[in-house]
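Below, chains carry the letters A, B, ... as their sequence lines are ordered, and counting in each starts from 1. If you're wondering where the values come from, they're calculated on a predicted model, not measured in any experiment.
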There are 2 protein chains.
Amino acid sequence: MQKGDGNLLRLVNTRATLRALRSGDQPTLTQLARATGLSRQTVEAVLGELAEQGLAEEIAPSEGGLGRPARRFRFRADAGYVLGLDVGAHKVLAMVADLDGNVVATERAPVAEDTPAPERLAALRQVGNDCVAAAGIVRTRLMAVAAGTAGIVDRSGRVTLSVVLPGWTGLDLAAQVGRWFGCTGLAGNDANLAAVAEHWRGSARHADDVVYVLAGHRLGSGILIGGRPHLGRTGAAAEIGTLRLLGWEDAAVELTREAAGETVFGSAARGERDGLLAVDRYARQLAQGTAALVLAIDPELVVVGGGFSKAGDHLLDPLRAHLAAMCLNAPEITASTFGDESVALGAIRMALDQVESEIKPLGH
Amino acid sequence: MQKGDGNLLRLVNTRATLRALRSGDQPTLTQLARATGLSRQTVEAVLGELAEQGLAEEIAPSEGGLGRPARRFRFRADAGYVLGLDVGAHKVLAMVADLDGNVVATERAPVAEDTPAPERLAALRQVGNDCVAAAGIVRTRLMAVAAGTAGIVDRSGRVTLSVVLPGWTGLDLAAQVGRWFGCTGLAGNDANLAAVAEHWRGSARHADDVVYVLAGHRLGSGILIGGRPHLGRTGAAAEIGTLRLLGWEDAAVELTREAAGETVFGSAARGERDGLLAVDRYARQLAQGTAALVLAIDPELVVVGGGFSKAGDHLLDPLRAHLAAMCLNAPEITASTFGDESVALGAIRMALDQVESEIKPLGH
DNA sequence: CCTCTTTATGTAAGGCGGTTACATATATCG
DNA sequence: CGATATATGTAACCGCCTTACATAAAGAGG
């Protein structure tokens with residue numbers, strides 16, 4: 001095969017086999033062959049390599065079928081684990097998942113908004129360690145760790161700018177978490193990772209171009225293009241808040257000044273005039289920033305997450321109305337499915353992508 | 001090789017060889033082998049297939065070197081041609097290029113702004129035919145044709161909406177031009193194609209994420225992500241003009257109402273107070289829409305094209321100033337290199353992409 | 001003029017990855 | 001118990017690519 005490319009074909013076929021293996025339910029050799037379009041022999045050889053790497057395993061043949069019992073295989077989701085972290089303004093959150101993305105442990109701890117960076121990092125590390133312990137695995141089984149955080153994060157995983165978390169700017173978060181847990185470290189913007197989570201298993205499963213709006217006391221946004229986060233030159237894509245004209249930054253401030261957000265949404269839900277008006281004002285300002293993103297990207301879907309998204313249609317309906325007025329042919333708008341845990345889940349997906357990208361056929 | 005994929009490896013190697021063949025200057029077999037990382041034999045075999053398809057050709061070996069004379073090859077750029085069209089408000093423009101993208105003929109004709117669709121189409125067809133004739137080729141040698149037009153064009157090449165060209169909405173432009181010229185037909189938004197042209201050979205050669213702003217009597221914009229046009233769900237990506245808040249649509253109107261744009265820029269160039277103020281107002285409004293796109297996409301580069309871009313820094317400098325005030329860390333801003341012909345050039349690149357995507361190894 | 005050096009071309013052999021074809025094994029069903 | 005269905009194992013073969021080595025054609029130097 002090609003000199004430089006060391007086994008392009010095997011790589012492709014390995015990926016195809018792995019996909020079939022994971023999507024099927026303990027499939028047989030013949031089923032895998034049919035699913036991948038490869039010959040039985042090839043699938044067998046690939047499975048051999050995967051078994052050597054601990055990624056596949058033959059299990060006992062099934063009882064009670066017609067004909068010779070088929071050899072069955074399964075993906076060894078427990079061959080390794082990944083850790084997803086979320087460093088927020090008020091909490092740190094950690095989740096451990098196996099290679100199938102099944103979450104096996106979750107740990108969280110509250111953090112004060114004005115906590116300085118070193119303590120926040122210590123809390124993050126602590127919650128990460130606790131989570132690994134709770135998952136009942138040793139740290140060496142972690143294959144990658146990813147962290148989501150508020151602020152602008154560049155491609156390398158360094159925090160370029162964070163106005164929310166004190167002392168956060170300049171932090172090399174990816175390298176930091178990598179060192180802590182002795183594996184590849186990654187980091188990304190929280191809204192982007194939340195979007196990734198929604199695209200993986202949430203509201204945005206069937207959309208590839210997505211605008212994610214994080215609507216809470218803080219406003220944030222993320223963009224998925226072709227199912228992958230769009231970072232831009234500096235990692236600042238979707239940071240529409242900077243354009244004062246759109247009133248994006250002011251929205252939440254205003255709402256929280258008037259009252260605790262929850263109270264306002266409760267009031268609106270009860271149909272009280274003041275609450276309805278406040279929510280509508282908020283939705284309008286939210287819509288202005290969202291409209292700018294929607295018009296720029298023309299996404300298939302807008303997902304609204306963050307604390308206020310719990311209000312559901314009480315927030316979404318006015319948002320839909322305002323957005324429809326601002327963009328002709330506005331896209332569908334839906335609420336996030338994961339709420340609080342979406343950032344950590346997105347981090348898990350990011351870590352899994354990293355792990356999967358490292359799977360190579362071993363060239364004997 | 002794989003059942004479905006009929007020759008993945010050969011396809012990859014064919015592409016690699018083709019790239020090396022085209023970038024080199026009549027390279028020898030050995031040079032090609034070195035450039036592609038493939039063995040000489042493989043390259044030889046691939047060239048054989050390419051020669052069968054008329055895409056490569058052996059030429060006389062070079063004189064006067066040391067050692068046995070090497071066999072030389074060249075890419076047959078004249079194996080086929082593509083046609084690029086631009087349907088504007090005031091003109092129709094056609095260009096024929098060979099497979100290397102060398103433009104061999106250009107034809108244009110003025111069209112009145114209020115020309116109804118059938119006549120505009122007739123003019124387009126006419127100018128296309130004239131251009132093919134001027135290129136001195138028969139129509140059957142056209143391998144693809146692409147057209148750029150103002151308005152929203154969906155993925156299939158149908159005009160979903162055009163407010164500028166009367167009767168244009170609903171037109172299946174791609175199919176139309178394909179029928180006319182008896183080959184694959186494509187169509188796209190003019191600003192997007194202009195961006196493609198700039199990325200191909202113009203100001204945006206070294207940038208993959210680009211925002212293109214068409215600044216003329218009409219305003220338009222296009223987005224390149226990863227070097228390719230980003231269309232969005234309906235093809236309306238970058239149509240930021242809809243957001244009235246940004247005053248995008250009003251900008252040009254105002255400028256043209258005050259005076260012919262050129263006069264204003266001339267006045268500004270002479271340092272006259274009125275002209276400078278008018279240009280600054282225009283630049284400010286232009287910057288608002290541009291800022292929204294820049295913040296959403298975080299591109300590496302903003303390219304300004306369209307009629308007013310001829311004013312150069314007289315327009316760009318105030319634009320830079322306003323943009324810097326609106327986005328922290330604003331990207332570089334530069335003028336288009338192709339001006340008037342960028343849309344047709346982008347159409348040519350689009351057609352070439354289509355042709356190149358169709359190159360497959362013939363499976364003997 | 002002949003030979004050496006340099007460069008490149010031809011030809012053969014072999015490996016890797018994959019497929020097809022056919023014989024063989026092990027269930028259930030009548 | 002054999003017929004049937006299903007799946008496994010083995011062998012032969014083919015395509016694509018690479019390495020290795022012999023051969024060819026030029027200039028350079030005696």
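- Separating the CG atom of N13(A) from the P atom of dG17(C) is a distance of 11 Å, rounded to the nearest angstrom.
- When the side-chain nitrogen and oxygen atoms of N7(A) are compared with OP1 and OP2 of dC16(C), none of them lie within a distance under 4.0 Å.
- Whole-Å rounding puts the E49(A) CD to dG18(C) C1' distance at 13 Å.
- Look at CG on L9(A): it is 11 Å from P on dC16(D), rounded to the nearest Å.
- Atom CZ of R228(A) sits in a sparse spot, with 12 or fewer heavy atoms from other residues, nucleotides or ligands closer than 6.0 Å.
- Atom CG in L11(A) sits roughly 14 Å away from atom C1' in dG17(C) (whole-Å rounding).
- When distances run from any side-chain atom of L38(B) to the nucleotides dG17(C), dC16(D), dT18(D), the shortest one goes to dT18(D).
- Partners of R179(B) under the side-chain hydrogen bond (donor to acceptor under 3.5 Å, both in side chains) rule, at least two apart in sequence or in another chain, do not exist in this structure.
- The shortest non-hydrogen separation linking A237(B) to I297(A) is CB-O, 3.6 Å.
- Distance R10(A) CZ to dG17(C) P: 6 Å, rounded to the nearest Å.
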> Taking it one step at a time, do W180(B) and V145(B) satisfy side chain to side chain contact (heavy atoms under 4.5 Å, CB included)?
Replying inline: CA-CA 10 Å; W180(B) 285 346; V145(B) 51; over 6 Å; no
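- The cationic atom of R22(A) (NZ for Lys, CZ for Arg) lies less than 6.0 Å from the six-membered ring centre of F75(A) and within 45° of the ring axis.
- Going from atom CG of L32(B) over to atom P of dT18(D) covers 14 Å, rounded to whole Å.
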>> Protein within reach of the bases, or only the backbone? For nucleotides 5-10 of chain C, mark each nucleotide 5' to 3' as B, S or -, using heavy atoms under 4.0 Å.
In response: -BBBBB
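- Smallest separation of non-hydrogen atoms from A33(A) and S39(A): CB-C, 4.1 Å.
- Under 3.5 Å, the side chains of H230(B) and N192(B) contain no donor-acceptor pair of N or O atoms.
- OP1 and OP2 of dT19(D) both lie 4.0 Å or more from every side-chain N or O belonging to S39(B).
- The closest side-chain donor-acceptor pair between Q53(B) and E49(B), if any, does not fall under 3.5 angstrom.
- When the shell of 6.0 Å around CZ of R139(A) is examined, it contains 12 or fewer heavy atoms from other residues, nucleotides or ligands.
- Across the helix from dC1(C)-dG30(D) to dG30(C)-dC1(D), the helix axis at one end is tilted relative to the axis at the other end by 20° (nearest 10 degrees, each axis from five pairs).
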